[in-house]
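Written below as structure tokens is the structure these notes are about.
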2 protein chains.
Amino acid sequence: MNIRHLTFRLLQVYVTVVKAGTVSQAARRLHLTQPTVSQQLRRLQDAVGEPLLESRHGRLQPTEAGREFYRACQDALGRFDDYDDYLSALRGGERGRFSIALVNTAQYVLPRLLGPFSQTFPQVEVSVHIGNRQQMLARFERQEDDIYVFSHPPSLEHALAARFMRNPLVLVGPAGHPAAKAERVAISDLLGERFLLREVGSATRMMFDSWLQEQGVSLGATMQLASNEAIRVGISSGLGLALLSEHVLAPSDRSLAKLPVEGLPIESYWQFIVWRDRRLPHAALAFLRFADEHLETWVESQWLRNEVGRLVHYFDLD
Amino acid sequence: MNIRHLTFRLLQVYVTVVKAGTVSQAARRLHLTQPTVSQQLRRLQDAVGEPLLESRHGRLQPTEAGREFYRACQDALGRFDDYDDYLSALRGGERGRFSIALVNTAQYVLPRLLGPFSQTFPQVEVSVHIGNRQQMLARFERQEDDIYVFSHPPSLEHALAARFMRNPLVLVGPAGHPAAKAERVAISDLLGERFLLREVGSATRMMFDSWLQEQGVSLGATMQLASNEAIRVGISSGLGLALLSEHVLAPSDRSLAKLPVEGLPIESYWQFIVWRDRRLPHAALAFLRFADEHLETWVESQWLRNEVGRLVHYFDLD
DNA sequence: ATGATGTATAGACGATTGTCTATGAGCGAG
DNA sequence: CTCGCTCATAGACAATCGTCTATACATCAT
């Protein structure tokens, strides 16, 4: 059997003929002329090298080889029909997978969107990569993920960004700290305190350093800690103060207090970053669309800042 | 997805590319040039309407849609590979089905061949139709079966025949009959006896009638019985004499005796009859081939008469 | 015989495929 | 920065496909 020139069309014709029982009937169903169908059948039988149909009392009956061939056709055609269904699910973004990379701190906010999204599209498999800014930048450079979440994005020359949430950075101290009750405090009044810092290279650290420089001050005692969690614990046990995302202050957590330092908060934003020329999986686009449409539902209005529409729009036009 | 112009060849190319990981590699394996493969891939992706491959660190990786498409290809190609295996089994006659129609009396001889054949080709499904000559002739006219077994075939204008076994017709009487011990008897000396006959239209009856006419004699008392079995019982219980196939005299059956009538036995032969222009299923051909080759093994040499080779040869050349 | 219905064959033709060569562009290892 | 891979695109061309119309042949029921 020479399979090379077998077209799926040919299989469809064959299946129709077997179902219809006559060539003419099949031709009518297929909106073809009878000779066309006859000829296709001949080609098919030539390709298979075996008669597939024989005429028994006026109707075309498949031969033994033809019956089995019919089954094979049904299976193959069915398989590609299934694939077609799969494709449309994929295209609709209801299915498939995508990966998203977050810097550590985004863990506090992204689950609010990812959770409901996964509920709505249970067939979509999301890989979430979490790491520090350095690691995420490396992934970004290697284009290992479909969507990145940064607060302070790298160069946007080949990438697009869309803000989706405010991320004000505030100075945090232990609950009982005197400045917490003040109306307003100058940073210079706090330089005697020890400051707890994330490692150089972290976004918060970068922002803090440049803000301090702007204010024309520099810190005294500092202590470097590896995670925001460690810093939180450190603050509440009186180890010092720190600049933190306001999201880190869980409403229920009474052991920390925001200090009303002049010139703060530093406004920054969580944003989705996507490579401009990278093909975005449908599922990833579906997530962005979901974020765009449902941000209001899952994020308190005080944090809202929805620019995701632009991004969706950009990729929708592809 | 537009399936119409998808060729299996195209699927093979795609599968090879995915396995090879690069277009060039695949091209080499397929003995094609690289641009050819590139172009096929493009056509394929156009047909599917979705990118199937993307280049990740130097190798081509299937996309989500591509991975699933790959599976669909494997399934479809595998399905037709299986069909190919099936086909060759069919062609080899190791598998499939055929039908054979026998006149009643052939039941005594055909199982000797069919039994061993079925043992050798357990995958072949044989339908055996048994009836009287009239019924079998009707089936023959309507071409309902692949092979017919007649002792006295109908017109052979559009059919081919091959003798495979002697079928001498002898006069049979009860064991104690005086003529059984004689050296030779003339039929005229037996006309006082009652004769047991099959119905008009049965082959044996036809042969007997024309033989009697040749001898210029006619029977006195007769009795018509519907089956050879009934006739056997009738003879042994002294109801009369009958012309029967010598095969009917089981060696162990001591209640019947062959009467050495002059001018007998009438030589006749079991033969396979096949429509000349009917496509013979491979399995049917395999049976004839089997009969041709193994007749000596399963049939005592005294009955042998093998002309089946001619038939096999005729259809082999198709 | 005469239609009616179904199938096969032949000839025609534009669209698509399968293949090539030539050439240019991208990229990772020297 | 160039070499040696890789891939993509363009142009060419014969073979094959997917269709059609016209016509002849085969059955079967008038």
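Predicted, not measured: the structure shown is a model, and the values here were computed from it. Lettering of chains follows the sequences in order, A, B, ..., and the numbering in each one begins at 1.
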Note to self: Please report the distance, rounded to the nearest Å, between CD in B:Gln45 and P in D:dT9.
What the structure shows: 11 Å
Next item on the list: Could you encode protein contacts along nucleotides 11-18 of chain D as a string, one character per nucleotide from 5' to 3', using B for base contact, S for sugar-phosphate-only contact and - for no contact, with a heavy-atom cut-off of under 4.0 Å?
Entry: -----SSS
Notebook entry, point to check: Distance check: side-chain N/O of A:Thr33 vs OP1/OP2 of D:dC20, anything under 4.0 Å?
Noted result: yes
Item checked: Interatomic distance where CG belongs to B:Leu60 and P belongs to D:dC7 [whole Å] -> 6 Å
Check: For A:Gln34 and A:His31, take the nucleotide of DNA chain D holding the closest heavy atom to each; which residue's nucleotide lies nearer the 5' end?
Finding: A:His31
Next item on the list: Starting from P on D:dT6, measure out to CG on B:Leu53 and report it in whole angstrom.
Entry: 16 Å
Notebook entry, point to check: D:dA8 C1' sits how many Å from B:Glu54 CD, rounded?
Noted result: 17 Å
Check: Roughly, in whole Å, what's the span from CZ in A:Arg28 to P in D:dC20?
Finding: 14 Å
Notebook entry, point to check: To the side chain of A:Pro35, which of D:dT9, D:dT21, C:dT7 is closest?
Noted result: D:dT21
Next item on the list: Please round to the nearest 0.5 Å and tell me the distance separating atom CG of B:Leu160 and atom CD of B:Gln271.
Entry: 11.5 Å
Next item on the list: Would you give the length of the straight line joining atom OG of B:Ser151 to atom CZ of B:Arg163, rounded to the nearest 0.5 angstrom?
Entry: 10.0 Å
Next item on the list: Rounded off to whole Å, could you give me the CZ-to-C1' distance for the B:Arg42 and C:dT17 pair?
Entry: 13 Å
Checklist line | Separation of C:dC20 P from B:Leu30 CG (nearest whole Å) | finding: 10 Å
Note to self: Roughly what angle, to 10°, lies between the helix axis at the start of the helix from C:dA1-D:dT30 to C:dG30-D:dC1 and the one at its end, five pairs per end?
What the structure shows: 30°
Notebook entry, point to check: Taking all non-hydrogen atoms of both residues, which atom of B:Pro51 and which atom of B:Thr63 are closest, and how far apart?
Noted result: O-OG1, 3.0 Å
Note to self: With a 3.5 Å distance limit and no angle check, can you tell me whether B:Tyr148 reaches the backbone of B:Arg139 through a side-chain donor-acceptor pair?
What the structure shows: yes
Note to self: Name the residue from A:Asp146, A:Val126, A:Asp145 that meets the side-chain contact (heavy atoms from CB on, under 4.5 Å) definition with A:Ile100.
What the structure shows: A:Val126
Next item on the list: Report the distance from atom CG of B:Asp46 to atom P of C:dA15, rounded to the nearest whole Å.
Entry: 18 Å
Notebook entry, point to check: Between the side chains of B:Arg43 and B:Gln40, does any donor sit under 3.5 Å from an acceptor?
Noted result: yes
Notebook entry, point to check: Among all residues two or more places apart in sequence or in another chain, which pass the ring-ring contact (aromatic ring centres under 6.0 Å, His included) test with A:Phe8?
Noted result: A:Phe80, B:Phe8
Margin query: Donor-acceptor pair, distance only, cut-off 3.5 Å: does the side chain of A:Tyr83 make one with the backbone of B:Cys73?
Written below: no
Check: Distance check: side-chain N/O of B:Ser24 vs OP1/OP2 of D:dC7, anything under 4.0 Å?
Finding: yes
Next item on the list: Taking all heavy atoms of B:Gln45 and all of B:Leu53, pick out the closest pair and write down the distance.
Entry: NE2-N, 4.0 Å
